[in-house]
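Just so it is clear, the model here is predicted, and its values are computed rather than measured. Both ligands and their constituent atoms are indexed starting at 1 by order of listing. What's counted below: heavy atoms across the whole structure, side chains too, no hydrogens, waters or symmetry copies.
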Amino acid sequence: MTNDELWQAVLGEIELSISRANFITWFKNTSIVSSDNGVIIIGVPNGFAKEWLENKYNTYIIKALRSFNQDVKEIKCIINISNSQDFGLNKVKNVDAVKGPLISRNYAQNITKEGKFYSQPDQIGKENNLNNRYQFENFIVGENNELARAACYAVSQNLGKAYNPLFIYGGVGLGKTHLLQSIGNEIIKKDPKKRVLYITAERFAGELVDSIKNQKVSQFKDYYQNIDLLIIDDVQFLSGKEKTQHEFFHIFNALYQLNKQIVLSSDRLPKAIPTLEERLRSRFEGGMIADVGAPDLETRMAILRSKSAEKDISLEDAVIRFIAENVKNNIRELEGALNKVIACSELEGKNPSPEIARKALSEFISSGKRKGVHAQYIIEIVANFYNISIPEIIEKGRRKEVALARQVAMYLIRNELNASYPSVGEKFGGRDHTTALHAHEKISRELENDEKLKETIIAIKEKIYSV
Ligand code: ADP
Ligand code: MG
């Protein structure tokens with residue numbers, strides 16, 4: 001059961017035990033953000049919901065969760081900042097939860113009675129971790145990903161011989177995992193006996209640590225050395241993990257010498273991954289490197305058409321264009337926006353139109369852009385707030401306070417103006433896009449627990465929009 005399915009099922013239970021008004025008030029727009037070691041983190045829209053869910057509904061929720069998963073120990077709530085750019089599918093699916101017990105229960109059971117626009121649940125291979133949703137056939141090719149797609153396809157047709165290793169890099173939500181998994185699925189389709197393994201670098205590191213703890217390192221290595229196609233996603237995670245890098249290097253060499261295929265992805269070039277062992281870096285660079293960039297308008301529209309066709313929904317071009325024009329940086333967000341528009345149309349019982357799209361996406365469409373706010377203006381206000389000079393925030397300052405102010409400014413420019421990471425970096429003395437990405441991630445993470453920072457952001461936003 002995925003987290004989403006679990007949460008839909010839990011909502012179905014809770015709905016039966018509390019009043020409808022309470023259910024809608026407190027459980028609307030909630031989702032499971034993560035579950036780890038029996039601790040379930042629930043994303044909620046505001047502090048009131050957090051308070052109520054943690055204190056008043058705690059036992060209901062835990063009881064319902066345990067009826068599906070006995071390992072659940074406790075729940076915690078975090079606030080999903082309302083203005084965030086996250087169009088997570090969760091929020092959309094949960095529109096269902098407030099429509100009535102029938103539909104949410106149906107969804108939990110995957111009966112797509114009304115919600116035929118929710119595609120079939122993903123099937124993930126137990127042995128190889130391949131998700132059958134990711135195929136070359138449903139990957140839309142644009143200028144931004146042409147080369148990466150061609151390289152991946154070539155590898156799938158000529159395992160171990162075309163490019164080895166193949167290294168795909170690019171920003172979040174631009175299709176790296178989709179491409180990597182497509183290679184695996186293609187191989188399995190042609191020859192189910194081929195040993196394919198898809199694994200994130202994070203999990204790889206975790207398994208290695210376990211094998212060391214259990215004194216099973218040699219089994220661990222043997223297992224990996226028998227794989228025909230090894231796909232490791234998000235290798236930037238190996239940064240700073242010396243022991244893991246060391247073991248990975250040996251596995252890598254063994255596979256390479258046997259002409260086995262290795263495919264890797266990262267959010268940046270090998271040379272930009274800090275503390276990557278030199279010999280590993282040169283190995284990564286020794287094969288083929290291809291990037292995926294942000295899709296242009298045409299490609300975004302083509303992706304939306306393909307995704308809506310998958311859901312068996314036909315959308316007017318004006319609606320497709322509206323969504324594509326407003327969600328630019330990330331294909332995962334684009335899909336989330338599409339789902340939201342479809343769900344809102346269903347809820348209103350009307351065909352999707354540009355008006356509905358505008359309404360459905362209003363809270364996400366960067367409010368700054370609507371009001372004519374510019375990046376420079378945000379930088380000035382943030383600098384003012386922290387009482388530092390503009391040159392200091394833009395370029396030089398390394399003091400802790402200055403660094404924080406810079407990160408806050410980057411975070412706000414990204415969120416309020418829907419700016420791409422490279423363009424955010426550009427505004428700060430031509431810094432790299434990864435700096436902007438990390439600033440955004442860091443502030444987003446800290447906002448989950450840091451009340452003071454939360455207040456700061458609210459105050460700065462008030463100031464930005466007070467004109
Ligand atoms: P990344 O691994 O780069 O963060 P993903 O591969 O997870 O990004 O892509 C995010 C979502 O966008 C996935 O649902 C994926 O199927 C979809 N997606 C990305 N690129 C394309 C594309 N070119 N055509 C169709 N869907 C895409
Ligand atoms: Mg990925």
Side-chain angles (χ1 to χ4, degrees), residues 2 4 85-93 117-124 129-153 166-186 198-204 231-238 263-269 273 289-311 315 320 323-324 327-340 342 420-422 433-434 437-438 440-441 444:
T2 66
D4 283 350
Q85 300 285 315
D86 173 20
F87 293 103
L89 280 177
N90 299 337
K91 285 183 191 151
V92 180
K93 282 179 185 159
F117 51 85
Y118 297 126
S119 342
Q120 288 301 305
D122 301 351
Q123 278 175 15
I124 298 176
N129 302 327
L130 290 175
N131 184 332
N132 66 343
R133 182 161 92 86
Y134 299 121
Q135 306 279 350
F136 284 118
E137 287 80 8
N138 61 1
F139 187 83
I140 303 292
V141 185
E143 257 176 53
N144 59 312
N145 58 27
E146 221 173 355
L147 177 66
R149 195 261 179 207
C152 288
Y153 190 73
L166 172 61
F167 190 102
I168 303 290
Y169 76 98
V172 185
L174 296 180
K176 300 183 297 296
T177 299
H178 190 137
L179 276 176
L180 262 55
Q181 289 244 354
S182 300
I183 304 175
N185 281 318
E186 187 75 16
Y198 166 91
I199 189 164
T200 60
E202 186 172 10
R203 212 170 124 193
F204 176 85
I231 304 170
I232 303 206
D233 208 351
D234 292 319
V235 294
Q236 73 275 6
F237 184 82
L238 297 180
V263 181
L264 308 154
S265 89
S266 164
D267 67 353
R268 65 203 92 153
L269 279 165
I273 304 178
I289 301 188
D291 75 317
V292 291
D296 60 14
L297 179 68
E298 286 303 312
T299 311
R300 296 200 297 278
M301 289 177 68
I303 291 173
L304 288 169
R305 279 193 203 100
S306 140
K307 303 277 173 198
S308 47
E310 266 177 28
K311 298 171 204 298
L315 288 179
I320 300 255
I323 303 172
V327 185
K328 295 182 180 154
N329 296 320
N330 176 323
I331 298 167
R332 196 172 297 128
E333 288 177 355
L334 194 64
E335 283 190 80
L338 172 69
N339 285 331
K340 178 138 197 191
I342 296 172
S420 70
Y421 291 118
H433 75 99
T434 52
L437 172 74
H438 286 124
H440 190 269
E441 280 176 353
S444 307

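- Between Tyr134 and Asn185, the closest heavy-atom pair is O-ND2, 2.7 Å.
- Leu437 and Tyr421 make their closest contact through CD1-CE1, 3.4 Å (heavy atoms, listed as atom of the first residue, atom of the second, distance).
- Under the 4.0 angstrom criterion for non-hydrogen atoms, Lys307 is in contact with ligand 1.
- Considering only heavy atoms from C-beta on, Leu315 stays 4.5 Å or farther from Leu304 through its side chain.
- Taking every non-hydrogen atom of Asn138 and a distance limit under 4.0 Å, the qualifying atoms of ligand 1 come out as 24 (N), 25 (C).
- For Gly173, a nitrogen or oxygen atom sits less than 3.5 Å from a nitrogen or oxygen atom of ligand 1, counting backbone and side chain alike.
- Remark: minimum distance from atom 7 (O) of ligand 1 to any protein heavy atom is reached at Arg332 NH2, 2.8 Å.
- Considering only non-hydrogen atoms, atom 27 (C) of ligand 1 lies nearest to Ile331 out of Leu334, Val172, Ile331.
- Arg133 counts as a contact of ligand 1, since one of its heavy atoms falls under 4.0 Å from the ligand.
- From the protein, the heavy atom lying nearest to atom 8 (O) of ligand 1 is Gly175 N, 3.0 Å.
- With ligand atoms numbered from 1 in the order given, ligand 1 contributes 3 (O) to contacts under 4.0 Å with heavy atoms of Gly171.
- The shortest N/O to N/O separation between Val141 and ligand 1 does not fall below 3.5 Å.
- Atom 23 (N) of ligand 1 has its closest protein heavy atom at Ile140 O, 2.8 Å.
- Remark: ligand 1 atoms within the under-4.0 Å shell around heavy atoms of Glu335 are 11 (C), 12 (O), 13 (C), 14 (O), 15 (C), 17 (C).
- Here's the thing with Leu174: one of its N/O atoms is less than 3.5 angstrom from an N/O atom of ligand 1.
- In terms of protein heavy-atom proximity, atom 6 (O) of ligand 1 is closest to His178 N, 2.8 Å.
- Taking all atoms of both residues into account, the shortest heavy-atom contact from Ala324 to Leu334 is CA-CD1, 4.3 Å.
- Residue Phe139 comes nearest to Gly175 through the heavy atom pair CE1-O, 3.9 Å, listed as atom of the first residue, atom of the second, then distance.
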Handout entry: side-chain contact (heavy atoms from CB on, under 4.5 Å) evaluation trace for Ile231 with Gln181
Key = CA-CA 8 Å; Ile231 304 170; Gln181 289 244 354; over 6 Å; no

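- Contact record, Arg268 with His438: NH2-CE1, 3.1 Å, taken as the closest heavy-atom pair.
- Counted by atom type alone, Asp296 and Thr299 present one or more donor-acceptor pairs between their side chains at under 3.5 Å.
- Taking all atoms of both residues into account, the shortest heavy-atom contact from Ser265 to Leu180 is CB-CD2, 3.6 Å.
- With a cut-off of 2.8 Å, the Mg ion (ligand 2) has no N, O or S atom of Ser265 in range.
- Close approach of ligand 1 to Asn145 is summarised as follows: ligand atoms under 4.0 Å from at least one heavy atom of the residue are 23 (N).
- Residue contact check: Tyr134 has heavy atoms under 4.0 Å from atoms 16 (O) of ligand 1.
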